[in-house]
Amino acid sequence: MSVGHDVHVLPLDPDHCYRAVQSRDQRFDGWFVTAVRTTGIYCRPSCPAITPKRTNVDFFPTAATAQQYGFRACKRCRPDASPGSPEWNVRQDVVARAMRLIADGLVERDGVPGLARRLGYSERHLNRVLTDELGAGPLAIARAQRAHTARLLVETTAMPLTDVAFAAGFGSVRQFNDTIRSVFATSPTALRSARHPREPDIRSRRRAQRNGDSELPGGGGDEAGRGAAAITVRLPVRRPFAADAVMAFIGERAIPGTESWDGATYRRSLDLPGGPGVVTLVATDDHVAARLALTSWGDLAASVQRVRRLLDLDADPSAVDEALGRDPILQPLVDAVPGRRSPASVDAFETAVRAVIGQQVSVAGARTVAGRIVEAVGTPIDTVTPVPGTDATVGGINRLFPSPEQLMAAPDEAFSMPHARRDTIRRLAEAVLVGDVELHVGVDPAVARDQLLSLRGIGPWTADYVVMRGLGHPDTFLEADLGVRHALDALAVGADRSLGWAPWRSYAVHHLWASVSPVESPGRTTP
């Protein structure tokens with residue numbers, strides 16, 4: 001069998017890629033896929049199968065590209081389950097911003113026209129740009145993501161396959177069946193049977209779920225995938241992964257009511273398109289276990305992607321550590337905690353509000369003030385009970401972070417802060433509502449920074465903090481941050497030293513923060 005002749009895509013170095021395949025280097029999983037023309041299969045670089053001849057392989061930047069050329073996913077290495085490409089977080093051009101929005105599920109919600117509007121391009125131009133660079137347009141990329149979500153639901157839940165189809169974002173059961181056969185060379189029924197060959201029949205499974213005896217996450221809901229749902233997924237990471245450090249960082253900033261942290265388990269609410277959700281996270285050095293309680297199955301892909309961004313799971317830690325470790329000033333910090341991440345957020349607007357609250361305030365003080373605002377105006381979610389016998393509000397998670405509309409309408413007494421800072425939050429909320437400030441994963445960080453700086457009450461530290469954490473930019477240096485300045489003083493170097501840390505200055509900030517007081521220093525600005 002021969003597939004995929006005359007391939008003319010991308011700026012990948014074939015020899016470099018082939019060396020990664022020969023060594024089965026897991027660090028490159030997600031960066032590209034290997035397509036074997038003689039078998040019609042595409043694999044992740046670390047696939048344990050016999051290495052194909054160099055003359056028989058092509059390399060593609062995405063699984064969608066391989067699928068466009070007629071290749072199907074390897075059943076052994078499951079390339080769709082590898083971490084995402086770090087490239088889409090590092091790059092800020094239209095291709096990278098489009099990839100982030102597609103991963104967040106925008107095509108399923110608003111279609112390609114909505115994606116093009118969000119990016120400020122015509123549909124035709126956007127399709128041409130993506131196809132020229134990746135060999136696949138936005139619809140094909142979204143289709144590949146739907147296939148991955150469907151496979152996850154088929155193999156790890158007992159929900160009916162019809163519900164799986166709509167929950168994964170397919171427009172019809174026929175489209176779902178055709179895609180699964182095309183991508184995985186098998187039917188949805190066979191895919192489930194292969195994963196659970198001895199599972200009981202559907203009546204037994206449902207009886208066990210009603211009795212609370214089944215360990216399989218339950219499924220259900222109507223045809224549109226709008227039933228309450230819960231599922232535990234294993235999120236892959238690139239090693240090294242400083243799990244304790246990243247979990248402690250976000251946990252120590254947990255806002256009461258919308259987040260909780262007990263030293264091992266982190267929980268938080270999610271404001272998703274289909275309704276509120278709650279995620280419970282436990283991290284190890286090789287994966288993150290995420291328990292998702294959702295109002296709608298259709299929010300599964302978006303919620304997973306937001307968790308990955310929150311924990312910076314798609315980063316390339318080897319590249320970051322190697323670059324920062326070249327500086328003798330940072331080398332001891334990097335060696336002490338290899339694989340340190342630069343956590344982003346699940347919602348950039350929430351991060352912006354938290355940054356304003358934290359101006360010249362300690363982390364603990366900002367957390368307390370934010371908790372009072374959440375309690376006063378945040379939307380209650382104590383009615384979310386995805387599966388009988390479960391409680392989505394476990395750990396004190398009972399509210400969503402306030403929306404721009406809610407903060408605009410909030411009374412003065414809801415803000416336990418100086419009037420100037422309260423007014424800044426209201427101006428920010430209004431600017432986001434009318435579109436003067438765009439805060440989403442598809443916005444150009446430089447544009448967002450300029451928009452934020454145009455608002456009275458927001459200075460360089462606040463804008464840079466939002467870019468670094470809210471938008472997940474990997475190369476932002478918080479020169480005005482008090483903790484960063486203390487760390488630089490302790491190391492006897494100036495801020496200009498950071499120029500040599502590009503393009504990973506956000507990670508350098510986290511190393512510097514950790515070198516001083518690990519909790520109180522981040523989030524405090526110089527007067």
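Computed over heavy atoms, backbone and side chain alike; hydrogens, waters and symmetry mates excluded. Worth saying up front: this structure is predicted, and the values here are computed from it rather than measured.
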Mark yes or no for whether D475, through its side chain, and R505, through its backbone, hold a donor-acceptor pair below 3.5 Å. yes
Using side-chain heavy atoms (C-beta onward) and a distance below 4.5 Å, is V288 in contact with F241? yes
Does G457 offer a backbone N or O that forms a donor-acceptor pair with the side chain of Q359 under 3.5 Å? yes
Show the nearest heavy-atom pair for residues R485 and A480, with the distance to one decimal. NE-CA, 4.0 Å
Shortest non-hydrogen contact between A315 and Y507, atoms and distance: CB-OH, 3.5 Å
Tell me whether D464 is salt-bridged to R449, with the criterion being a basic N under 4.0 Å from an acidic carboxylate O. yes
Looking only at atom types and distance, does a side-chain atom of S122 sit under 3.5 Å from a main-chain N or O of H125, one as donor and one as acceptor? yes
When rounded to the nearest 0.5 angstrom, what distance separates CG in L400 from CG in D271? 5.0 Å
Distance from F249 atom CZ to H510 atom NE2, nearest 0.5 Å? 4.5 Å
Test item: H440 and L101 side chains (from C-beta on) under 4.5 Å apart, heavy atoms: yes
Donor on one side chain, acceptor on other, Q68 and R143, under 3.5 Å: no
Output yes when a side-chain donor or acceptor of Q145 lies under 3.5 Å from a complementary backbone atom of I102, and no otherwise. yes
Salt bridge (Lys or Arg N to Asp or Glu O under 4.0 Å) contacts in which one or both residues fall within residues 338-361, not counting sequence neighbours: E259-R354, R268-E350, E350-R354
About how many Å separate CG of L512 and CG of L478, when rounded to the nearest 0.5 Å? 10.0 Å
Residue pair R427, T424: steps toward the side-chain hydrogen bond (donor to acceptor under 3.5 Å, both in side chains) verdict: CA-CA 5 Å; R427 281 191 292 271; T424 299; 3.2 Å; yes
From CA spacing to verdict: side-chain contact (heavy atoms from CB on, under 4.5 Å), E430, D436: CA-CA 8 Å; E430 181 180 13; D436 290 342; over 6 Å; no
Are the side chain of R422 and the backbone of D412 linked by a donor-acceptor contact shorter than 3.5 Å? no
Quick one: closest heavy-atom pair of P61 and L12, and the distance? N-CD1, 4.0 Å
Just checking, is any N or O donor in the side chain of W501 or D327 under 3.5 Å from an acceptor N or O on the other one? yes
V353 side chain near L428 side chain, heavy-atom distance below 4.5 Å: yes
Under the side-chain contact (heavy atoms from CB on, under 4.5 Å) rule, collect the residues that match up with V369, sequence neighbours excluded. I357, I373, M417
Could you check whether any side-chain heavy atom of F32 comes within less than 4.5 Å of a side-chain heavy atom of T65, counting everything from C-beta outward? no
Just wondering, more than 12 heavy atoms not from Q406 lying within 6.0 Å of its CD? yes
Any side-chain donor-acceptor pair under 3.5 Å between S345 and R469? no
No-hydrogen, no-angle side-chain donor-acceptor test under 3.5 Å, S498 and E479: no
Please assess R497 against L488 for the test side-chain contact (heavy atoms from CB on, under 4.5 Å), listing each intermediate value before the final yes or no. CA-CA 9 Å; R497 185 74 171 237; L488 292 176; 5.6 Å; no
Establish, from distance only, whether the side-chain atoms of D481 and W461 form a donor-acceptor pair under 3.5 Å. yes
Where do S82 and R44 come nearest, in terms of heavy atoms and distance? N-NH2, 3.3 Å
Where the side chain of R426 meets the backbone of A410, is there a donor-acceptor pair that is under 3.5 Å apart? yes
Is a donor on one side and an acceptor on the other found under 3.5 Å between the side chain of T131 and the backbone of R128? no
Are N89 and R100 linked by a side-chain donor-acceptor pair shorter than 3.5 Å? no
Within a reach of under 6.0 Å around CG of D286, are more than 12 heavy atoms found that belong to other residues, nucleotides or ligands? yes
Between L452 and T462, is a side-chain contact (heavy atoms from CB on, under 4.5 Å) present by the stated rule, with each step listed? CA-CA 8 Å; L452 288 167; T462 303; over 6 Å; no
Criterion side-chain contact (heavy atoms from CB on, under 4.5 Å) on V509 and V484, from CA distance to verdict: CA-CA 7 Å; V509 167; V484 170; 4.0 Å; yes
For the student: nearest non-hydrogen atoms of Q305 and D314, plus distance: NE2-OD2, 4.3 Å
Spacing of I425 atom CD1 and M408 atom CE [to the nearest 0.5 Å]: 12.5 Å
Basic-acidic side-chain contact under 4.0 Å: R91, E133: yes
Using only atom types and a distance under 3.5 Å, with no angle test, would you say the side chain of E322 pairs donor to acceptor with the backbone of A319? no
Inter-residue atom distance D104.CG - L106.CG, 0.5 Å rounding: 7.5 Å
Relative to each other, are the rings of Y465 and W513 parallel, tilted or perpendicular (30° and 60° limits)? tilted
Can you check whether L270 reaches V278 side chain to side chain, under 4.5 Å on heavy atoms? no
So V304 and L292, do their side chains get closer than 4.5 Å, heavy atoms only? yes
Do S303 and R306 have side-chain N/O donor and acceptor atoms under 3.5 Å apart? no
Nearest-0.5 Å distance that lies between atom CZ in R253 and atom OG1 in T351: 12.0 Å
Before we go on, tell me: are the rings of H16 and F28 under 6.0 Å apart, centre to centre? yes
Taking every non-hydrogen atom, the tightest pair across E123 and V112: OE1-CG1, 4.1 Å
May I ask you to decide if D29's main-chain N or O and R238's side chain share a donor-acceptor pair within less than 3.5 Å? yes
Any side-chain heavy-atom pair from L281 and L311 closer than 4.5 angstrom? yes
Answer with yes or no whether the side chains of S342 and D312 bring together a donor and an acceptor at under 3.5 Å. no
Check for a donor-acceptor pair, side chain of S296 on one end and backbone N or O of G274 on the other, with a separation under 3.5 Å. no
Should W88 and T62 count as side-chain neighbours, where that means a heavy-atom distance under 4.5 Å? yes
